[in-house]
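The next block holds one structure in the form of structure tokens; read it before the comments.
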2 protein chains.
Amino acid sequence: MNIQQLRYVREIIRRELNLTEAARALHTSQPGVSRQVRELEAELGIEIFERHGRRLTGLTGPGRELLPIIERMLIDVDNLKRVGQDHAAREVGQLVVATTHTQARYMLPPVVAAYRKRYPDVRLSLQQGSPTEIAMKVIRGEADLAIATESLDHYDELLTLPAYTWSHAIVVTPDHPLARRRRLTLADIAAWPVVTYSPEFAGRSRIDQRFAAAGLSLDVVLTAIDSDVIKTYVELGLGVGIIASVAFDPKRDRSLKRLRTDGLLPVNTTRVAVRRGTYLREFTLAFIEAFAPDLDAAAIRTMLAVDGTR
Amino acid sequence: MNIQQLRYVREIIRRELNLTEAARALHTSQPGVSRQVRELEAELGIEIFERHGRRLTGLTGPGRELLPIIERMLIDVDNLKRVGQDHAAREVGQLVVATTHTQARYMLPPVVAAYRKRYPDVRLSLQQGSPTEIAMKVIRGEADLAIATESLDHYDELLTLPAYTWSHAIVVTPDHPLARRRRLTLADIAAWPVVTYSPEFAGRSRIDQRFAAAGLSLDVVLTAIDSDVIKTYVELGLGVGIIASVAFDPKRDRSLKRLRTDGLLPVNTTRVAVRRGTYLREFTLAFIEAFAPDLDAAAIRTMLAVDGTR
DNA sequence: CTTGCTTACGAGACTCGTAATAATT
DNA sequence: AATTATTACGAGTCTCGTAAGCAAG
């Protein structure tokens, strides 16, 4: 048994049982992968993959039991390397942050600026994607952190930490009838066409829940994944905009008016997710710390430690 | 990096930083181990061991961080093998149970008899030792299960399951003054010399606590690790015996009288311990199930699953 | 001067890539 | 017919054992 064999098995499964694809992804030859897999199977005394003739068609029962152990071992391989790097060159390395548009556009810029100054030798890479995509990136080890408001809690493989809370803002054109109202109700908003986020983004689901709880349903005429698109169409008069309040800048967005909503809309929590069982390098913890004002390195370490005991 | 290197590192640490010993234990050459360790260190970019000249004198900081990851990976290597064996030959294999005298002598015989009939191809091996020793055996992977009444809860690496509860019995010679008393008190017992278990065995610590709580202290004139020794000396009139009640057999022990103690002495829980993170083969679960009347395979699996999520 | 780690070197095993083969879709 | 896994074979690498060297207690 060797680590390479485990990598091969994982990659074949990730590539949907296409051994050829896996070989390509791992920059090696197809026969090499085939052979190593068979050798591992022989050593363990079982078949990992179901084969119909010469095609891999699925995982066997034992194969399914093997998989989580293999994944954990490969994570641990990375962990060993990270421990090494963390001590060999404490503030040198790579940090991949997967995040959604709203975070990248409005919340992260100041954090990133400060972080880059503090850690000039960390190659910081931001990767934008949908909540599902960024969660998968972290689970597969392609990103170190995921930052998003929704749906990071649905994965057993992830450990999420609350970073900060925020709520939405209602924006309209200055000449919109709602602009004159002193106090809004949910029904006021629901009376107009709405422009807001796509279902899985930026707390959208919680908005829907709030209105549904009040017996109302929204007439959403345009959904977007980023706030700038929403603002653009609100300016065009397409409807009332619901955006993350951080996305509204009174100076820049002079053609829009933000309405008072005190407590009307739900509070959202933006969370940072890491892969359970991964070793976090010191500069990774520092990023979380910088991003989440309520968390300090000590608190993060304890949450990880409690979790990591298994 | 390869698995062998990790084994070498672990073994060196287990052998108290004696690389020569580690090489011997692993049936390989000293230079080979030395070389592989240096190569691992080079690949990770750190020193794992502190060296004074040519002697290994300790672990470095990064070395200490590496260790738990290495241990976990090596456990996972075994786990992979076990999954294989479990499917290749479900009821064939080896099961090592580490336990204390009282369990081995009184509680296990019927379980073992039934188990051997049910699983004739499982090589069952019982290893007797002190609670500390058997706990270490399981932690080091030398035994699959530990069965004992005390001190299995003090190890983070172990997961313990309650198997059954029991209490102690007071035994005396038939002509002892206490033999005529209808109802005993703690003070009655404390008035006489006592023969019982060594401090870490068979619930001894809880006996002491009980008497201490009542403001009494025991005059222990002989401590033993096994009940047979205790009974022998009680027969010789050395003192009042306190033994596990299962160790008293009215038919065999005709020269002793068991006194009524209803509720006087504390209740003990015998526990089964397994190494956290290890895959338990089906026949291992079956043994636990056979030993612990209150646990069934499903219950055990859930406890392990909850624990194993990490 | 004994114990114990490291360096040197050579034999043997193993991994991996190319080419050819066989089986599915 | 095209795609995909397995078998065959050979080059190159790597591991490991023996022997020699060297540092520490």
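Per chain, numbering begins at 1; letters A, B, ... match sequence-line order.
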- Query: Under a 4.5 Å cut-off applied to non-hydrogen side-chain atoms, are A/N79 and B/R72 in contact?
  - Reply: yes

Donor-acceptor contacts under 3.5 Å from residues 39-46 of chain B side chains, at least two apart:
| residue | atom | partner | partner atom | Å |
| --- | --- | --- | --- | --- |
| B/E39 | OE2 | B/R35 | NH1 | 2.6 |
| B/E41 | OE1 | B/R51 | NH1 | 3.3 |
| B/E41 | OE1 | B/R51 | NH2 | 3.1 |
| B/E41 | OE2 | B/I48 | N | 2.7 |
| B/E41 | OE2 | B/F49 | N | 3.2 |
| B/E41 | OE2 | B/R51 | NH1 | 3.2 |
| B/E43 | OE1 | B/M1 | N | 2.4 |
| B/E43 | OE2 | B/M1 | N | 3.1 |

- Taking atom CZ of B/R14 as the centre, report whether more than 12 heavy atoms of other residues, nucleotides or ligands fall under 6.0 Å from it. yes

- Task: Tell me, please, which residues at least two apart from A/S125 pass side chain to side chain donor-acceptor pair (under 3.5 Å).
- Result: none

- Message: Keeping A/N2 on the side-chain end and B/N2 on the backbone end, is there a donor-acceptor pair under 3.5 Å?
- Response: no

May I have the list of side-chain donor-acceptor pairs in residues 88-99 of chain A shorter than 3.5 Å, sequence neighbours left out?
| residue | atom | partner | partner atom | Å |
| --- | --- | --- | --- | --- |
| A/E91 | OE1 | A/R118 | NH1 | 3.1 |
| A/E91 | OE2 | A/R118 | NH1 | 3.4 |
| A/E91 | OE2 | A/R118 | NH2 | 3.0 |
| A/T99 | OG1 | A/I147 | O | 3.1 |

- Contacts of A/E65 that satisfy side chain to side chain donor-acceptor pair (under 3.5 Å) - sequence neighbours left out: B/H87, B/Y279

- Would you check if there is a donor-acceptor pair between the side chains of B/Q4 and B/R7 at a distance under 3.5 Å? yes

- Message: Are A/T278 and A/D78 packed together at the side-chain level, in the sense that at least one heavy-atom pair is separated by less than 4.5 angstrom?
- Response: no

- Task: With sequence neighbours left out, write down each residue that passes side chain to side chain donor-acceptor pair (under 3.5 Å) with B/S205, or none if nothing qualifies.
- Result: B/E150

- Query: Within this structure, what is the CZ-to-P distance between A/F49 and D/dA5, rounded to whole angstrom?
  - Reply: 10 Å

- Hey, does B/V138 have a side-chain heavy atom less than 4.5 Å from the side chain of B/Y155? no

- Which of residues 13-26 of chain B have a heavy atom under 4.0 Å from DNA chain D? none

- Sequence-aligned protein contact record of nucleotides 18-25 of chain D, with B where the base is within under 4.0 Å of a protein heavy atom and S where only the sugar-phosphate is: BB-BBBB-

- Task: Taking the side chain as every heavy atom from C-beta outward, state whether A/V77 and B/M73 have any pair of such atoms under 4.5 Å apart.
- Result: yes

- Task: For B/R204, check side chain to side chain donor-acceptor pair (under 3.5 Å) against everything at least two apart and list the hits.
- Result: B/D208

- Interface residues of residues 35-45 of chain A with DNA chain C (non-hydrogen, below 4.0 angstrom): A/Q36, A/E39

- Task: State, to the nearest 10°, the angle formed by the axis through the first five base pairs of the helix from C/dC1-D/dG25 to C/dT25-D/dA1 and the axis through its last five.
- Result: 40°

- Task: Measure from the side-chain N and O atoms of A/R276 to the backbone N and O of A/D156, and report whether any donor-acceptor pair falls under 3.5 Å.
- Result: yes

- Task: Could you tell me whether a side-chain N or O of A/T57 sits under 3.5 Å from a main-chain N or O of A/E50, the two making a donor and an acceptor?
- Result: yes

- Query: So do the side chains of A/L124 and A/Y119 get within less than 4.5 Å of each other, counting heavy atoms only?
  - Reply: no

- Mind running a 4.0 Å heavy-atom check of residues 59-66 of chain B against DNA chain D and sending the residues that fall below it, in number order? none

- Taking any atom under 4.0 angstrom from a heavy atom of chain A, which nucleotides of DNA chain C are the first and last to qualify, 5' to 3'? C/dT15 to C/dT24

- Message: Rounded to whole Å, how long is the line connecting atom CG of A/N2 with atom P of D/dT15?
- Response: 11 Å

- Message: Main chain of A/V33, side chain of A/Q36: is a donor-acceptor contact present, judged purely on distance under 3.5 Å?
- Response: no

